[in-house]
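Notes to accompany the following structure.
Numbers here simply count residues along the sequence, with the first being 1. In this text, all values refer to a predicted model and were calculated from it rather than measured experimentally.
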Amino acid sequence: MSAAYRSGARKGRDAQSGAMLLEALIAMLLFSIAILGLAGLQARGIEVVRDAEYRAQASHFANQIVGHMWADRFNVPLYALNSGAGVACTAGANASLNPVVADWLNGLSGAGVAGALPGAANLQQQIEVAPGNVVTVTVCWQAPQDAAPHAFTLTAQVQG
């Protein structure tokens, strides 16, 4: 009986001889999928941070030009740039006879300048001045990997 018992025990071990290897392979597969998921999350996180940085820069530039208008509040209509419906964020160059607006445009779209928005030099920026000195500033940019331009719009009333 002991020989038969030993023979049955051996068959049980032989049946499970590849189970540990299979478990290890499945564990490695699950670990690899988890690592790929984390890498994807990190890439998306970097993209979101980059977009947030560009929006913060655009907000800074919009507030900067509105600040200049407040300092020169009796000449606000002279700050108008590319006024007209549907002009903002279309392809084209920007030009202004107002030296403050021209300097603002240079800072906004300066090539290789820290803080400049990517692609801003190739897009129409817009400053509209409505009755009552209601000012709408639209700042546009487009990073190389973006399919379409992005815009930040600020509306303020400059009382003079």
Can you tell me how far apart [atom1] ([X]) and [atom2] ([Y]) are? Round to the nearest 0.5 Å.
{"X": "L117", "Y": "S109", "atom1": "CG", "atom2": "OG", "value": "9.0 Å"}
{"X": "F152", "Y": "Q57", "atom1": "CZ", "atom2": "CD", "value": "12.5 Å"}
{"X": "T90", "Y": "N122", "atom1": "OG1", "atom2": "CG", "value": "11.5 Å"}
{"X": "L36", "Y": "L41", "atom1": "CG", "atom2": "CG", "value": "11.5 Å"}
{"X": "I26", "Y": "L30", "atom1": "CD1", "atom2": "CG", "value": "7.5 Å"}

Evaluate whether atom CG of L97 has more than 12 neighbouring non-hydrogen atoms of other residues, nucleotides or ligands under 6.0 angstrom away.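 It does not: L97 CG has 12 such atoms or fewer within range.
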With T138 as reference, evaluate Q124, E128, Q126 under the side chain to side chain contact (heavy atoms under 4.5 Å, CB included) test and give the passing residue.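 Among Q124, E128, Q126, the one that satisfies the side chain to side chain contact (heavy atoms under 4.5 Å, CB included) with T138 is Q126.
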Do you know which of V135, V139, N82 makes side chain to side chain contact (heavy atoms under 4.5 Å, CB included) with I127?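 Passing option: V135.
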Decide whether L81 and L108 are clustered together by the hydrophobic rule: side chain heavy atoms of Ile, Leu, Val, Met, Phe, Trp, Tyr closer than 4.5 Å, transitively.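 Same cluster.
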Side-chain contact test, heavy atoms from C-beta onward, threshold under 4.5 Å: evaluate it for Y54 versus P118 and give yes or no.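 Side-chain contact under 4.5 Å: yes.
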Verdict with supporting geometry, Q157 and Q159, side chain to side chain contact (heavy atoms under 4.5 Å, CB included): CA-CA 6 Å; Q157 183 175 17; Q159 296 178 352; 4.2 Å; yes
Please answer whether the main-chain N or O of [Y] pairs with a side-chain N or O of [X] as donor and acceptor at a distance below 3.5 Å.
{"X": "D146", "Y": "A148", "value": "no"}
{"X": "Q142", "Y": "A120", "value": "no"}
{"X": "S32", "Y": "M28", "value": "yes"}

Can you tell me if N94 and Q125 form a side-chain donor-acceptor pair at under 3.5 Å?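 No, no side-chain donor-acceptor pair sits under 3.5 Å.
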Would you mind writing out the side-chain donor-acceptor pairs for residues 64-78 within the sub-3.5 Å range, not counting sequence neighbours?
residue: D72; atom: OD1; partner: N75; partner atom: ND2; Å: 2.8
residue: D72; atom: OD2; partner: Y79; partner atom: OH; Å: 3.2

Between W104 and F61, how do the two ring planes meet: parallel, tilted or perpendicular, split at 30° and 60°?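 The rings of W104 and F61 stand perpendicular, inter-plane angle above 60°.
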Evaluate T136 against L154 for side chain to side chain contact (heavy atoms under 4.5 Å, CB included), listing each step before the verdict. CA-CA 6 Å; T136 303; L154 172 69; over 6 Å; no
Identify the heavy atoms of C89 and P149 that sit nearest to each other, and give their distance.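 Here C89 and P149 meet closest at O-CG, 3.7 Å.
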